[in-house]
Q: 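Below you will find the structure I want to go over with you.
The structure presented is a predicted model; accordingly, all values stated were derived computationally and were not measured. Chain naming here is simple, since letters A, B, ... match the order of the sequence lines and numbering starts at 1 in each.
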Number of protein chains: 2
Amino acid sequence: MDHTVTLSRLFVGIQDDLDQVDALFQERSTSGLDILNSASMHVLGAQGKRLRTALTLLSGKLHTYRFEKLLPLSVAFEMVHLATLIHDDIVDEAKTRRGLPTVNTLWGDKIALLLGDYFFAKTAGLIADVRDHRIDQLFSDTVATVCEGSILEMMTAGRIDLTPDTYYEKIRHKTACLIAACSKGGAIASNASDEEIGLLYEYGINLGTTFQIIDDILDYTKDQSTIGKPAGNDLRQGMVTLPLIYALQEHPQNGHYEQVHDLLISTTRKEDDIQAVVAWVNSGYGIQRALTDAHTYSYKAKEALYHFPPSPDRAVLDKLVDFVIARNR
Amino acid sequence: MDHTVTLSRLFVGIQDDLDQVDALFQERSTSGLDILNSASMHVLGAQGKRLRTALTLLSGKLHTYRFEKLLPLSVAFEMVHLATLIHDDIVDEAKTRRGLPTVNTLWGDKIALLLGDYFFAKTAGLIADVRDHRIDQLFSDTVATVCEGSILEMMTAGRIDLTPDTYYEKIRHKTACLIAACSKGGAIASNASDEEIGLLYEYGINLGTTFQIIDDILDYTKDQSTIGKPAGNDLRQGMVTLPLIYALQEHPQNGHYEQVHDLLISTTRKEDDIQAVVAWVNSGYGIQRALTDAHTYSYKAKEALYHFPPSPDRAVLDKLVDFVIARNR
């Protein structure tokens with residue numbers, strides 16, 4: 001596997017369609033109010049790798065590719081993702097995202113709240129343009145589940161006794177569910193059979209789970225220059241993730257357990273204490289065990305693709321799993 | 001006109017259908033998460049007069065009444081209204097609404113933000129159940145406009161030079177637009193002609209404008225016991241509304257102008273200063289001029305109904321205008 005492969009090389013076959021998705025996104029996020037436009041332009045500039053769009057389009061390519069339906073669907077997925085990120089940054093009191101100041105940092109929590117709402121509102125019109133009742137239902141269920149995931153994350157913050165099961169429930173709700181909706185939605189909008197729709201859902205939910213585990217590992221292993229936020233960011237917010245859960249399981253009752261406990265219940269977490277726990281997690285098997293889990297989920301994602309006949313598009317979906325796993329290097 | 005008429009007497013003909021709307025609302029707002037359910041139950045208990053549902057159903061009654069479409073549509077309108085109220089209470093830092101503590105007071109801003117999002121998500125599925133592309137578009141446009149209205153309100157807060165025109169632009173976006181969407185949506189879902197859809201939009205936008213002017217008058221004339229919040233609440237938040245705009249026009253450059261100016265730019269508004277301005281606005285013609293405007297809009301709302309043949313349902317829509325105006329007593 002070539003670790004230097006970039007997403008843009010992987011997506012070269014759908015580049016023109018990705019550009020059209022970008023154009024429609026810009027068109028639909030324009031408002032009559034200047035401040036909304038300024039905030040929109042800011043978040044559009046900071047936009048990520050269009051993973052959700054690519055997933056939607058590529059899943060569609062495995063069946064009867066109907067770009068006129070996949071176009072508004074992709075924009076809706078990207079837009080609702082952006083809305084949840086903007087609202088998450090308020091909840092997390094995040095100052096930066098991908099190296100840029102967040103909307104709440106630049107314009108305050110209130111504008112950030114309303115910009116997120118505005119994007120939510122706009123998605124309704126986009127989903128309507130797909131004109132498929134199953135898509136309407138998928139979209140509504142997915143966004144509700146993501147909201148439940150955010151609440152679950154809030155409710156479990158600071159809990160040193162978080163189990164892997166609850167961790168997985170949380171990331172399935174908060175992250176994997178929307179990624180699975182992209183691959184499932186792409187299949188629905190392309191007249192796939194019920195079995196194929198189910199398989200692409202399986203692909204997405206396992207890819208999304210892999211993605212989030214790797215994200216949580218990176219939060220312990222990489223510094224700001226690589227992922228646009230300081231190492232130990234989750235811990236700084238009192239969030240207990242898989243590497244820490246496994247590290248704690250390894251040393252259930254010793255000095256480190258007390259150290260993590262004190263850090264989590266503290267209202268003013270000191271940077272030195274955070275970095276000490278980050279170093280401790282890096283020194284044990286917590287990272288490795290989390291990575292093993294990520295590999296298990298990545299195999300499941302690939303397995304779901306086996307049913308489909310080999311094709312360049314199936315190969316890209318397969319390589320996408322490798323890409324997500326390779327992010328940990 | 002009988003001032004003692006209550007909304008429940010006015011809506012007696014649609015009571016069974018209103019109850020079904022309540023039941024579906026409860027069903028659709030149920031989540032797998034306890035805290036979401038607690039917060040939902042709290043806001044459902046504090047629910048208002050179901051004005052939006054009644055408007056949707058009654059507008060449908062003027063044409064081919066199709067309750068199976070009006071039912072999810074009404075629930076969606078009530079739910080999105082509730083979502084915007086929950087988010088507004090965060091933005092306004094409101095402690096109470098209708099005499100009960102707000103969600104942000106009881107559970108904090110973060111849960112309130114996510115509960116609002118959850119309701120937004122749920123509306124998408126309800127709107128899908130109407131299965132009418134025009135309704136999808138109406139709904140998306142309306143929610144986006146309401147968000148713009150909230151931002152406009154934030155941007156114009158503290159502005160002593162606010163003109164009646166900007167005030168009207170703000171309340172059309174923030175309040176009247178959603179009320180107009182109810183009457184227009186009821187017409188669309190009931191196979192009304194384009195002309196009739198336009199007339200019911202006119203009815204709604206003018207009724208909604210009347211409603212908000214009266215609300216803003218009540219904020220100066222009534223104390224907490226009547227409307228569930230203290231008099232001068234808008235002023236307390238630095239919001240300049242029609243009674244104050246007209247009072248300031250009456251006395252453009254005297255001691256009171258300075259007094260209001262100082263109050264608006266102050267970061268810590270003292271209750272005595274607020275009540276002094278409230279008393280001053282009540283002593284002049286500002287309230288009366290705002291009330292005259294409200295009457296003008298109420299006539300326009302009634303005028304839009306003239307096109308429809310007389311019927312008990314048309315009469316209820318007509319009396320609803322009287323009810324909204326009579327709230328100022």
Side-chain angles (χ1 to χ4, degrees), chain A residues 28-29 31-36 39 76 80 83-84 87-88 90-93 107-155 157 173, chain B residues 28-29 31-36 39 76 80 83-84 87-88 90-93 107-155 157 173:
Chain A
R28 292 295 182 96
S29 58
S31 155
L33 284 178
D34 284 346
I35 188 157
L36 265 186
V80 83
T84 60
H87 281 183
D88 277 351
I90 303 174
V91 171
D92 300 341
E93 296 164 23
W107 286 278
D109 284 359
K110 295 174 184 182
I111 290 288
L113 192 160
L114 295 168
L115 181 67
D117 288 356
Y118 183 78
F119 281 142
F120 273 128
K122 287 289 187 168
T123 58
L126 287 156
I127 285 298
D129 288 346
V130 186
R131 303 211 180 200
D132 186 319
H133 188 67
R134 293 168 301 170
I135 293 288
D136 296 330
Q137 211 53 60
L138 171 71
F139 196 76
S140 173
D141 291 347
T142 302
V143 183
T145 302
V146 173
C147 293
E148 290 179 330
S150 294
I151 292 178
L152 205 53
E153 183 173 88
M154 267 187 66
M155 307 302 288
H173 276 73
Chain B
R28 292 295 182 98
S29 58
S31 156
L33 283 177
D34 284 347
I35 188 155
L36 264 186
V80 82
T84 60
H87 281 183
D88 277 351
I90 303 173
V91 172
D92 299 342
E93 296 164 25
W107 286 277
D109 283 0
K110 296 173 183 182
I111 290 289
L113 192 159
L114 295 168
L115 181 67
D117 287 355
Y118 183 76
F119 281 141
F120 272 128
K122 288 289 187 170
T123 58
L126 287 156
I127 286 298
D129 289 344
V130 185
R131 302 208 182 203
D132 185 318
H133 188 67
R134 293 167 302 170
I135 293 288
D136 297 330
Q137 211 54 62
L138 171 71
F139 196 75
S140 173
D141 290 347
T142 301
V143 183
T145 302
V146 172
C147 292
E148 291 180 328
S150 294
I151 292 178
L152 205 53
E153 184 173 90
M154 268 188 66
M155 306 301 289
H173 275 73

Q: In terms of heavy-atom pairs under 4.5 Å with chain A, which of B/Asp136, B/Val91, B/Ile111 leads?
A: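 If we count pairs closer than 4.5 Å to chain A, B/Val91 comes out on top.
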Q: Out of the candidates B/Leu115, B/Leu36, B/Asp34, only one should pair with A/Ile151 under the side chain to side chain contact (heavy atoms under 4.5 Å, CB included) rule; please name it.
A: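 Per the side chain to side chain contact (heavy atoms under 4.5 Å, CB included) rule, the option paired with A/Ile151 is B/Leu36, out of B/Leu115, B/Leu36, B/Asp34.
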Q: In Å, rounded to the nearest 0.5 Å, how long is the span from OG1 of B/Thr145 to CG of A/Leu33?
A: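 B/Thr145 atom OG1 to A/Leu33 atom CG measures 10.0 Å (nearest 0.5 Å).
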Q: Looking at side-chain heavy atoms only, is the closest gap between B/Asp117 and A/Phe120 below 4.5 Å?
A: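 Counting from C-beta outward, B/Asp117 and A/Phe120 do come under 4.5 Å.
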Q: In the structure I gave you, are the side-chain heavy atoms of A/Lys110 and B/Ile90 within less than 4.5 Å of one another anywhere?
A: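 Counting from C-beta outward, A/Lys110 and B/Ile90 never come under 4.5 Å.
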Q: Minimum heavy-atom separation for B/Tyr118 and A/Cys147, please, with both atom names.
A: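 Closest approach of B/Tyr118 to A/Cys147, heavy atoms only: N-SG, 3.6 Å.
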Q: Looking at every non-hydrogen atom in both residues, tell me the closest pair between B/Gly32 and A/Glu148 and how far apart they are.
A: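 The answer is N-OE2, 3.3 Å.
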Q: Closest heavy-atom contact between B/Ser140 and A/Ala121?
A: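 Nearest heavy atoms, B/Ser140 then A/Ala121: OG-O, 2.9 Å.
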Q: Counting only heavy atoms closer than 4.5 Å, note whether B/Leu152 contacts chain A via side chain, backbone, both or neither.
A: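 For B/Leu152, heavy atoms of backbone and side chain both lie under 4.5 Å from chain A.
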Q: Which of the residues A/Ala128, A/Gly125, A/Ala83, A/Gly108 is involved in the greatest number of heavy-atom pairs with chain B at under 4.5 angstrom?
A: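 Of A/Ala128, A/Gly125, A/Ala83, A/Gly108, A/Ala128 has the most heavy-atom pairs under 4.5 Å with chain B.
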Q: Between A/Asp88, A/Asp109, A/Leu114, A/Thr142, which has the largest tally of heavy atom pairs under 4.5 Å with chain B?
A: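 The candidate making the most pairs under 4.5 Å is A/Leu114.
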Q: Does B/Lys122 reach the side chain of A/Val143, with side-chain heavy atoms less than 4.5 Å apart?
A: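 No, their side chains stay 4.5 Å or more apart.
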Q: Taking A/Met155, A/Gln137, A/Met154 one by one, which has the highest count of heavy-atom pairs under 4.5 Å against chain B?
A: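 Among the listed options, the one with the most contacts to chain B is A/Met154.
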